[in-house]
Amino acid sequence: MSANEMVLQKLDHGLLTITMNRPDRRNALNADMTRGLVEAARRAQEDHEVRAVLLKGAGGTFCVGGDVKLMAEGRAPLPFEAKMANLRRGMEVSRILHEMPKPVVAQLDGAAAGAGLSIALSCDLRVASASCKITTAFAKVGLSGDYGGTYFLTHLLGSAKARELYLTSPVLTAQEAFSLGMVTTVVPDAEVEVAAHELAMSLAQGPSVTLGYIKRNINNAEHFSLEACFDAEAIHHSRAGETADHKEAAKAFVEKRKPVFQGH
């Protein structure tokens, strides 16, 4: 199966759905899949027709992380430098999804573990099915973590909880993850696909430029000083105020109707 077959892409009314497609391996990451994910993320970032992203897994599972079966086969190891370079290239998917000025929704069903959880945490919103199992997993396979999971979880929950979840690797229910703030919402298993798609499509049909500025402001807040955040907010607010979508929203508010956004 090629990288294109392992990562499917579908663009519909501004929503790019990216599907990890190794259902026989519970969408475990291998070299072809990571290449496909990076390519899809770059397309989402650069394609002006893409206004939001839905990331999901085929076969009722989001992603169980790296393919431990391949790791256990003990193939001839790559030199350290080559191994690190390959891993770093694959990890770009998390950076792109987190930083690009377009909202990203992850549909979590089945399991989100290891690097799969890391990628989910790089997204802006996470819709989980009630039976989904969520775990950092790395310590249990003798690894320290990748794909930005320690970064995202520390910023999301604080260092104390991130240490606990990485060092002890508990398997959380979706409801437990929701209580911690790791997922946005939990829905019945039979409803997760519709719920995630509806949320992502609502963002794709929203004021895209403004949503991008909101995402940048929140990302800035993780690093910038208060004054720098104020400056960025002022710039982004002023630019958003010049968009056709803002003018349409203001007009719709006065006319007491739902706005129709065009993404500019």
Side-chain angles (χ1 to χ4, degrees), residues 6-7 18-34 36-38 55-75 77 83-84 86-95 97-98 104 106-123 125-184 186 189 192:
M6 287 188 183
V7 179
I18 301 172
T19 305
M20 294 174 280
N21 188 38
R22 287 188 78 202
D24 57 316
R25 298 294 302 140
R26 303 186 73 198
N27 301 316
L29 301 172
N30 64 5
D32 286 337
M33 181 178 280
T34 55
L37 282 171
V38 173
L55 179 63
K56 58 189 288 191
T61 298
F62 181 71
C63 175
V64 295
D67 196 326
V68 179
K69 183 178 179 180
L70 287 179
M71 299 176 197
E73 287 177 355
R75 298 180 180 181
K83 184 178 180 180
M84 187 175 72
N86 285 344
L87 179 59
R88 186 62 184 84
R89 278 194 294 270
M91 289 167 61
E92 278 293 280
V93 62
S94 295
R95 183 191 64 78
L97 293 177
H98 183 67
V104 184
Q107 175 186 316
L108 306 185
D109 42 5
L117 175 59
S118 300
I119 295 171
L121 293 172
S122 77
C123 301
L125 302 170
R126 286 159 290 281
V127 178
S129 66
S131 67
C132 184
K133 303 302 182 185
I134 296 171
T135 179
T136 59
F138 290 106
K140 292 183 178 178
V141 294
L143 293 171
S144 59
D146 56 19
Y147 283 75
T150 54
Y151 174 92
F152 298 123
L153 202 57
T154 299
H155 280 85
L156 190 64
L157 304 183
S159 62
K161 183 56 70 172
R163 290 174 199 271
E164 176 189 338
L165 295 180
Y166 265 85
L167 292 172
T168 67
S169 291
V171 177
L172 304 175
T173 66
Q175 191 60 48
E176 288 170 334
F178 174 75
S179 296
L180 289 173
M182 292 175 68
V183 301
T184 308
V186 179
D189 292 0
V192 66

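Throughout, residue positions are numbered sequentially from 1 according to the sequence presented. This one's a predicted model, so the numbers in the text were calculated from it and none came from an experiment.
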Measure across [X] and [Y] and return the closest heavy-atom pair with its distance rounded to 0.1 Å.
| X | Y | result |
| --- | --- | --- |
| Q107 | V192 | CG-CG2, 3.9 Å |
| T136 | L117 | N-CD2, 3.9 Å |
| G90 | T34 | CA-CB, 4.3 Å |
| G66 | A115 | N-CB, 4.4 Å |
| V183 | A174 | CG2-O, 3.9 Å |

Yes or no on side-chain contact (heavy atoms from CB on, under 4.5 Å) for L172 and K133, after CA distance, side-chain angles and deciding distance?
CA-CA 6 Å; L172 304 175; K133 303 302 182 185; over 6 Å; no
Main-chain N/O of [Y] paired to [X] side chain as donor or acceptor, under 3.5 Å:
| X | Y | answer |
| --- | --- | --- |
| N27 | A58 | yes |
| T61 | G110 | no |
| R22 | A28 | yes |
| S118 | D146 | yes |
| T168 | L165 | no |
| R126 | A120 | yes |
| T135 | P170 | yes |

Show your working on side-chain contact (heavy atoms from CB on, under 4.5 Å) between Y151 and S94 and close with a plain yes or no.
CA-CA 11 Å; Y151 174 92; S94 295; over 6 Å; no
Check salt bridge (Lys or Arg N to Asp or Glu O under 4.0 Å) between [X] and all other residues, then give those that pass, not counting sequence neighbours.
| X | result |
| --- | --- |
| R95 | E92, E99 |
| E176 | none |
| K83 | none |

Measuring from atom [atom1] of [X] to atom [atom2] of [Y], what distance do you get when rounded to the nearest 0.5 angstrom?
| X | Y | atom1 | atom2 | value |
| --- | --- | --- | --- | --- |
| H155 | H98 | NE2 | NE2 | 7.5 Å |
| C63 | M20 | SG | CE | 5.0 Å |
| R163 | T154 | CZ | OG1 | 8.0 Å |
| L37 | Y147 | CG | OH | 7.5 Å |
| T19 | L55 | OG1 | CG | 8.0 Å |
| L87 | L29 | CG | CG | 10.5 Å |

The test is side-chain contact (heavy atoms from CB on, under 4.5 Å); show your working for D109 and D189 and say whether it passes.
CA-CA 7 Å; D109 42 5; D189 292 0; over 6 Å; no
Parallel, tilted or perpendicular for Y166 and F138, by the 30°/60° rule?
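Y166 and F138: parallel rings.
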Run the numbers on N30 and M6 for side-chain contact (heavy atoms from CB on, under 4.5 Å), then give the verdict.
CA-CA 10 Å; N30 64 5; M6 287 188 183; 3.4 Å; yes
Side-chain heavy atoms of K161 within contact of L153, under 4.5 Å:
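No; the side chains remain at least 4.5 Å from each other.
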